There are 2 protein chains.
Amino acid sequence: MLSNKCKYAIRAVLYLASQASATKMTHGTEIARLLKMPVAFTVKILQELAKKDLILSSKGPKGGFYINEQIKKLPIINIVNAIDGADAFHRCGIGLHKCSDDNPCPFHETFKAHREKFLSTLSSTTIGTFCIDFNENHFLYVQKEVV
Amino acid sequence: MLSNKCKYAIRAVLYLASQASATKMTHGTEIARLLKMPVAFTVKILQELAKKDLILSSKGPKGGFYINEQIKKLPIINIVNAIDGADAFHRCGIGLHKCSDDNPCPFHETFKAHREKFLSTLSSTTIGTFCIDFNENHFLYVQKEVV
DNA sequence: TTTAAATAGGACAATTTAGTCTTTTATATA
DNA sequence: TATATAAAAGACTAAATTGTCCTATTTAAA
Ligand code: SF4
Ligand code: SF4
């Protein structure tokens, strides 16, 4: 459903959101190291997020990336839209054709209901709500393979 | 959730299942043409499915691919397992770490419920149940981009 | 028995996604 | 003002996915 790039983006944003103050900046390499993500790729993603105003950045010594209260009020889906595009949740899981709500395949009900639910959760949960103190919930931010 | 390859596989199998008799074989190029899928790739996938006993094949003139009643009793998830591997449905949609049912992130409940439901539908719906007469339901088999 | 039609198999090509590396630009501070 | 530090930008590389193409094998039927 979500690309790796997008998952990296979510984790990075949540980490930044967990860092309380706007004066506390973290530079890209440190974020990548802390979250065990590929360094250069992470920095690229952070730059992309900054360009799209989902995180803030500051150049120079003591610079880095950070987040403010306003951004914390944005829903998680904004990150998905920024990285994977707005139609990431509008593609069919089976991929058939010329079907619709009126003319569905046997999967339609189940598939659509759950996609909508996932989407609505991503839309109603803000970055601030999702993020929990990093030190207490370190588990949240390091990728795993299998649930 | 499912790779393109896997979606092609599902569509091809459903098409074959919709062809009533075992004597009715369809050759790969025709399947690809009918379902508007890439020809050589489709044939490759059909060969892979045949090797894994999810469809049957016969060489030579009048040969092709087909399916019997026994195969129609298999659930759709078998196709997914054959093409994308058995853990396609055991990866987290967010990709965080060291979480569990006991120690979940805010998405866990929604995400897991969604995935389990989708998986159980794929597991309980057989190829035969899913397939409907092709001529009456041509819409089922041609890929679309967006719902 | 020859031939043509089909799958089987494997090498190869193209595209997308994931990721690195190098140079430029901005800025805090010594 | 000089310097070091960090983001910004963009060219490049690697890997995975998605596909093509060519040859071998099997088999129905003329
Ligand atoms: S009916 Fe719904 S689930 Fe089925 S192929 Fe169409 S969009 Fe996908
Ligand atoms: S708690 Fe569940 S949804 Fe959240 S990151 Fe872990 S496996 Fe994924």
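Just so it is clear, the model here is predicted, and its values are computed rather than measured. Residue numbers start from 1 in every chain, and the chains themselves are labelled A, B, ... in the order their sequence lines are given, proteins ahead of strands.
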Chemist: If a pair satisfies salt bridge (charged side-chain N to carboxylate O under 4.0 Å, His left out) and one of its residues is in residues 37-48 of chain B, list it, with sequence neighbours excluded.
Modeler: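 Only B/K5-B/E48, B/E48-B/K52 qualify under salt bridge (charged side-chain N to carboxylate O under 4.0 Å, His left out).
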Chemist: What integer distance in Å separates A/D53:CG from D/dA8:P?
Modeler: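 Rounding to the nearest Å, CG of A/D53 and P of D/dA8 are 11 Å apart.
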Chemist: Are the side chains of A/I77 and A/V80 in contact, using a 4.5 Å heavy-atom criterion?
Modeler: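 Result yes, sub-4.5 Å side-chain heavy-atom pair found.
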Chemist: Looking only at N and O atoms, is any donor in the side chain of B/Q47 or the base of C/dA8 less than 3.5 Å from an acceptor on the other one?
Modeler: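 Result: at least one qualifying N/O pair found.
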Chemist: Measure from the side chain of B/K5, starting at C-beta and using heavy atoms only, and say which of D/dT20, D/dT18, C/dT20 lies closest.
Modeler: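 It is D/dT18.
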Chemist: Over how many whole Å does the gap from A/K59 atom NZ to C/dT24 atom P extend?
Modeler: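 The distance from NZ of A/K59 to P of C/dT24 comes to 13 Å, rounded to the nearest Å.
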Chemist: Whole angstroms only, please: what is the CE-C1' distance between B/M37 and D/dT20?
Modeler: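 It works out to 16 Å between those atoms.
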Chemist: Where the side chain of A/F65 is concerned, which of D/dT18, C/dA28, D/dA8 is the nearest nucleotide?
Modeler: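 Among D/dT18, C/dA28, D/dA8, the one nearest the side chain of A/F65 is D/dA8.
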Chemist: Does any donor atom in the side chain of B/S120 or B/S123 lie under 3.5 Å from an acceptor atom in the other side chain?
Modeler: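 On atom types as modelled, these side chains do not qualify, holding no pair under 3.5 Å.
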Chemist: Given side chains that start at C-beta, do those of A/Y15 and A/T26 come closer than 4.5 Å, heavy atoms only?
Modeler: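 The answer is yes, as the side chains (C-beta and beyond) meet within the 4.5 Å cut-off.
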Chemist: Whole angstroms only, please: what is the CZ-P distance between B/F41 and D/dG19?
Modeler: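 Atom-to-atom, B/F41 to D/dG19, this comes out as 5 Å.
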Chemist: Can you confirm whether B/L2 sits close enough to B/I83 that some side-chain heavy atom of one is under 4.5 Å from a side-chain heavy atom of the other?
Modeler: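 B/L2 vs B/I83: side chains apart.
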Chemist: Quick check for you: among D/dA4, C/dT7, D/dT18, whose closest atom lies nearest to any side-chain atom of A/P61?
Modeler: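 That would be D/dA4.
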Chemist: How would you label the contact of A/G63 with the nucleic acid (heavy atoms, under 4.0 Å): base, sugar-phosphate, or nothing?
Modeler: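 Result for A/G63 = sugar-phosphate.
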Chemist: Base, backbone or nothing for each nucleotide of nucleotides 10-15 of chain C, written B, S, -, heavy atoms under 4.0 angstrom, 5' to 3'?
Modeler: BB----
Chemist: If only atom types and distance count, is the side chain of B/N78 paired as donor or acceptor with the main-chain N or O of B/L54 below 3.5 Å?
Modeler: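 Looks like no, no N/O pair under 3.5 Å.
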Chemist: Let me know the distance between CG of B/L46 and C1' of C/dG9, rounded to the nearest Å.
Modeler: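 The answer, rounded to whole Å, is 15 Å.
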Chemist: Would you mind telling me which residue lines up with the more 5' stretch of DNA chain C, B/E48 or A/P38, judged by nearest nucleotide?
Modeler: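 With B/E48 and A/P38 compared, the 5'-side residue is B/E48.
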Chemist: CE of A/M25 versus C1' of D/dT5: gap in Å, rounded?
Modeler: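 So the two atoms are 13 Å apart, to the nearest Å.
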Chemist: Before giving the answer on side chain to side chain contact (heavy atoms under 4.5 Å, CB included), spell out for B/I79 and B/I127 the whole-Å C-alpha distance, their side-chain angles and the decisive distance to 0.1 Å.
Modeler: CA-CA 9 Å; B/I79 306 171; B/I127 292 167; 4.2 Å; yes
Chemist: Can you measure A/L49 atom CG to D/dA8 atom P for me and round it to whole angstrom units?
Modeler: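 Taking CG of A/L49 and P of D/dA8, I get 11 Å after rounding.
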Chemist: Rounded to whole angstrom units, what separation is found between the CD1 atom of B/I83 and the P atom of D/dT17?
Modeler: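 B/I83 atom CD1 is separated from D/dT17 atom P by 13 Å.
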Chemist: Taking 4.0 Å as the cut-off, does a side-chain nitrogen or oxygen of A/Y8 come that near to OP1 or OP2 on C/dA18?
Modeler: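 No, outside the criterion.
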Chemist: Using the closest heavy atom to pick a nucleotide of DNA chain C for each, name whichever of B/V43 or A/A40 lands nearer the 5' end.
Modeler: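 Residue closer to the 5' terminus by nearest nucleotide: B/V43.
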Chemist: Using only side-chain N and O atoms of A/S58, determine if any of them is under 4.0 Å from OP1 or OP2 of D/dA6.
Modeler: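 Answer is no, no contact under 4.0 Å.
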